[in-house]
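See structure below.
As the structure lists them, so they are numbered: ligands from 1, and atoms in each ligand from 1.
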Amino acid sequence: MIFETHAHYDDDRFNDDREQLVPFMPEKGIGRIINVGASISSTKTTLALAEKYDFIYAAVGVHPSDIADLNEETYCWLKEQTAREKTVAVGEIGLDYYWDKEPEVQERQRYWFRRQLELAKEAGLPVIIHSRDAAADTMEIMKQAHAKEIPGVIHCYSYSKEMAMEFVKMGYYIGVGGVVTFKNAKKLKETVEALPLERILLETDCPYMAPEPHRGERNDSSYIPFVEAKIAELKGCTVEEVERVTEENARRLFSKVR
Ligand code: NI
């Protein structure tokens with residue numbers, strides 16, 4: 001089965017057909033899905049999806065672009081959610097300097113990234129990290145937080161292959177999605193070639209990042225085979241091998257998933 005490690009089915013772009021789309025994922029070979037929270041409200045809708053569908057699990061957390069949501073009260077609420085049976089990760093958390101250039105905002109991002117790493121450590125859950133235009137600070141904070149003791153994935157990986165190997169040395173996985181099929185994605189293709197398959201996770205980040213030949217359309221997990229095919233080509237192995245090994249990887253990392 002395909003283990004989809006990063007989806008946002010609570011997104012508004014699924015409002016018109018969510019009920020016609022999501023329940024049929026297992027028949028399309030998508031056996032497990034982690035729906036990922038990115039704000040307090042999307043963490044709530046993520047938890048609701050996980051309650052509704054047995055094959056959907058939840059990651060709870062606040063994305064760097066939504067940290068205005070966080071204060072001691074909402075942090076406490078997040079902490080309570082980590083104890084729920086279907087909560088399998090803290091995420092997505094991290095740094096995004098692409099969208100936020102102001103130094104004070106970036107400082108607040110770093111603060112809440114550290115706090116949410118602590119949250120994961122206390123809860124004994126892995127983390128799903130979003131990091132854009134902030135490679136050095138992400139690595140620095142992870143080292144300070146002793147991230148070697150907090151397993152996780154760098155989702156929608158966009159940095160160099162050298163940096164990827166640094167994350168792998170810390171025990172991390174690299175999330176690979178639609179971008180790997182893009183013509184101009186030279187860096188990510190090199191990264192996939194260099195990485196052991198045992199460190200790669202499949203993801204969509206849907207509704208975003210649809211692979212070729214659907215680039216620009218709304219994405220969903222049923223497009224993952226296009227990503228698998230590209231990874232198989234780059235690694236010189238079969239699609240079946242990509243699917244089997246990435247599922248094993250996801251089950252190893254997200255060990256609360258049944
Ligand atoms: Ni995402």
Side-chain angles (χ1 to χ4, degrees), residues 2-15 18 21-22 25 30 32-50 56-70 78 81 86-100 109 112-113 116-117 119-120 125-135 138 152-159 167 172-182 185 188 200-211 214-224 227 246 250 253-254 257:
I2 290 172
F3 193 129
E4 147 82 290
T5 62
H6 197 115
H8 300 284
Y9 283 111
D10 55 312
D11 191 278
D12 286 347
R13 288 177 70 187
F14 293 110
N15 284 355
R18 187 176 295 109
L21 183 72
V22 174
M25 284 299 160
I30 321 297
R32 295 288 181 275
I33 296 174
I34 297 180
N35 205 81
V36 181
S39 61
I40 292 297
S41 69
S42 67
T43 293
K44 287 179 183 162
T45 46
T46 289
L47 288 164
L49 277 175
I56 296 188
Y57 290 80
V60 303
V62 176
H63 184 286
S65 300
D66 278 297
I67 47 161
D69 277 8
L70 283 168
L78 265 185
Q81 308 317 307
K86 293 200 77 185
T87 299
V88 298
V90 171
E92 52 188 298
I93 63 172
L95 302 176
D96 194 322
Y97 295 173
Y98 179 83
W99 291 110
D100 290 304
Q109 285 191 8
W112 286 111
F113 182 30
Q116 292 186 95
L117 282 170
L119 188 72
L125 289 177
V127 287
I128 297 173
I129 293 180
H130 169 103
S131 177
R132 191 167 181 199
D133 282 2
T138 301
V153 55
I154 312 295
H155 125 81
C156 199
Y157 187 77
S158 61
Y159 300 132
F167 285 118
Y172 273 68
Y173 292 84
I174 303 295
V176 177
V179 176
V180 77
T181 68
F182 297 175
L188 182 59
I200 293 175
L201 296 181
L202 297 175
E203 63 170 45
T204 56
D205 204 18
C206 66
Y208 310 103
M209 301 292 175
H214 296 282
R215 188 171 182 178
E217 296 171 23
R218 187 186 73 176
N219 197 8
D220 71 62
S221 313
S222 68
Y223 289 166
I224 286 179
V227 174
T246 54
L253 179 61
F254 302 109
V257 171

Self-check item: Donor + acceptor pair across side chains of D10, N35 (<3.5 Å)
Solution: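 On atom types as modelled, these side chains qualify, holding a pair under 3.5 Å.
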Quiz item: Under 3.5 Å, is there a donor-acceptor pair between the S131 and Y159 side chains?
Solution: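 Present: a donor and an acceptor within the cut-off.
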State, with a plain yes or no, whether a side-chain heavy atom of [X] is found less than 4.5 Å away from one of [Y].
{"X": "Y172", "Y": "V127", "answer": "yes"}
{"X": "L21", "Y": "Y9", "answer": "yes"}
{"X": "I224", "Y": "T204", "answer": "yes"}

Quiz item: Residues two or more places apart in sequence or in another chain: which of them pass salt bridge (charged side-chain N to carboxylate O under 4.0 Å, His left out) with R215?
Solution: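 With neighbours one apart ignored, the set is empty.
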Self-check item: Protein-derived N, O or S atoms lying under 2.8 Å from the Ni ion (ligand 1), waters excluded
Solution: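 Count of protein N, O, S atoms less than 2.8 Å from the Ni ion (ligand 1): 4.
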